[in-house]
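Only one structure is covered here, and it is reproduced in the block below.
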Amino acid sequence: MSKLSVLSRAKLICELLAPPHPAAVSDASAAYLSSNGSATLAPCDALVKHKLAVAREILLRDLVAQMQSGPVLSSPDAVRAWLKLRCAGLEHEVFLVLYLDVQNHLIQDEEIFRGTLTHTSVYPREVVKSALARNAASVILAHNHPSGHPEPSAADRALTTQLASSLAMVDVRVIDHFIVAGDSTVSFAEQGLL
């Protein structure tokens, strides 16, 4: 959990709009250094990175609110935008689950597994437990490919089939599985893989 994720929306907006002053540049440099452990950025660069991180957090929250306010299927662009913001720039694979209610409103999103540059171990039992714990009627699965190549591998297809079968046993439907690679997203449903 990042430090920004615990701030209120009002505080995030204040941080985003606050004019830079020497103390802010110094604070941003210190915050960047403490989170990244690197002294390679100039203070001004650190401030810009911090402001971009704040803007990203606000956008992520707005997209989640949009997905919670109406059926996710009526706003597939919001899902794609959220997924890109959430995991496109990561240097390791993550496996995400978006839990939906019977009306296809977002209940919650979760990074359920984290992996390496090229692989994430995903355990169907844990996905089923998590879906049941949230009383989900359906799910959207997603993971990223840090390599930048968005096409589903044979392993991705096999995993999706296994997860869909496991979840179907407890009446949870897999609506889609997205792969995010850079600025591209591939939908299993759109490709006829579900």
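- The same ILVMFWY cluster, assembled from side-chain heavy atoms under 4.5 Å apart, contains both Val170 and Val97.
- Ring pair Tyr123/Phe113 is perpendicular by interplanar angle, where above 60° counts as perpendicular and below 30° as parallel.
- Of all heavy-atom pairs spanning Pro124 and Gln162, the tightest one is CG-CD, 3.7 Å.
- Partners of Thr160 by side chain to side chain contact (heavy atoms under 4.5 Å, CB included), not counting sequence neighbours, listed by chain and number: His177, Phe188, Leu194.
- Residues forming a side chain to side chain contact (heavy atoms under 4.5 Å, CB included) with Glu111 (at least two apart in sequence, or on another chain): Arg86, Val94, Leu96, Arg114.
- The hydrophobic cluster containing Leu141 also contains Leu132, counting ILVMFWY residues as joined when their side-chain heavy atoms lie under 4.5 angstrom apart, directly or transitively.
- Remark: Gln191 engages Glu151, Pro152, Val186, Leu193 in a side chain to side chain contact (heavy atoms under 4.5 Å, CB included) (not counting sequence neighbours).
- When each of Leu98, Ile175, Leu167, Ile107 is paired with Val139, the side-chain contact (heavy atoms from CB on, under 4.5 Å) condition holds for Leu167 and for no other.
- Of the options Leu106, Val102, Leu100, a side-chain contact (heavy atoms from CB on, under 4.5 Å) to Asn104 is made by Leu100 and by none of the others.
- Formation of a donor-acceptor pair under 3.5 Å by the Asp176 side chain with backbone atoms of Ala189 is found in this model.
- Rounded to the nearest 0.5 Å, atoms CG (Asp156) and CD1 (Ile179) are 4.0 Å apart.
- Side chain of Asn135 to main chain of Asp101: no donor-acceptor pair is present (N/O by atom type, distance under 3.5 Å, no hydrogens or angles).
- With sequence neighbours excluded, the residues forming a side-chain hydrogen bond (donor to acceptor under 3.5 Å, both in side chains) with Glu110 are Tyr99, Ser130, listed by chain and number.
- In this structure, CG on Asp109 lies 3.5 Å from CH2 on Trp82, to the nearest 0.5 angstrom.
- Of all non-hydrogen atoms in Glu190 and Ser187, the two that sit nearest each other are N-OG, 3.0 Å.
- Legend: residues meeting side chain to side chain contact (heavy atoms under 4.5 Å, CB included) with Ala181, ordered by chain and number and at least two apart, are His145, Pro150.
- Looking at residues two or more places apart in sequence or on another chain, you find a side-chain hydrogen bond (donor to acceptor under 3.5 Å, both in side chains) between Thr120 and Glu93.
- Residues Val79 and Leu90 share a hydrophobic cluster, clusters being chains of Ile/Leu/Val/Met/Phe/Trp/Tyr side chains in contact below 4.5 Å.
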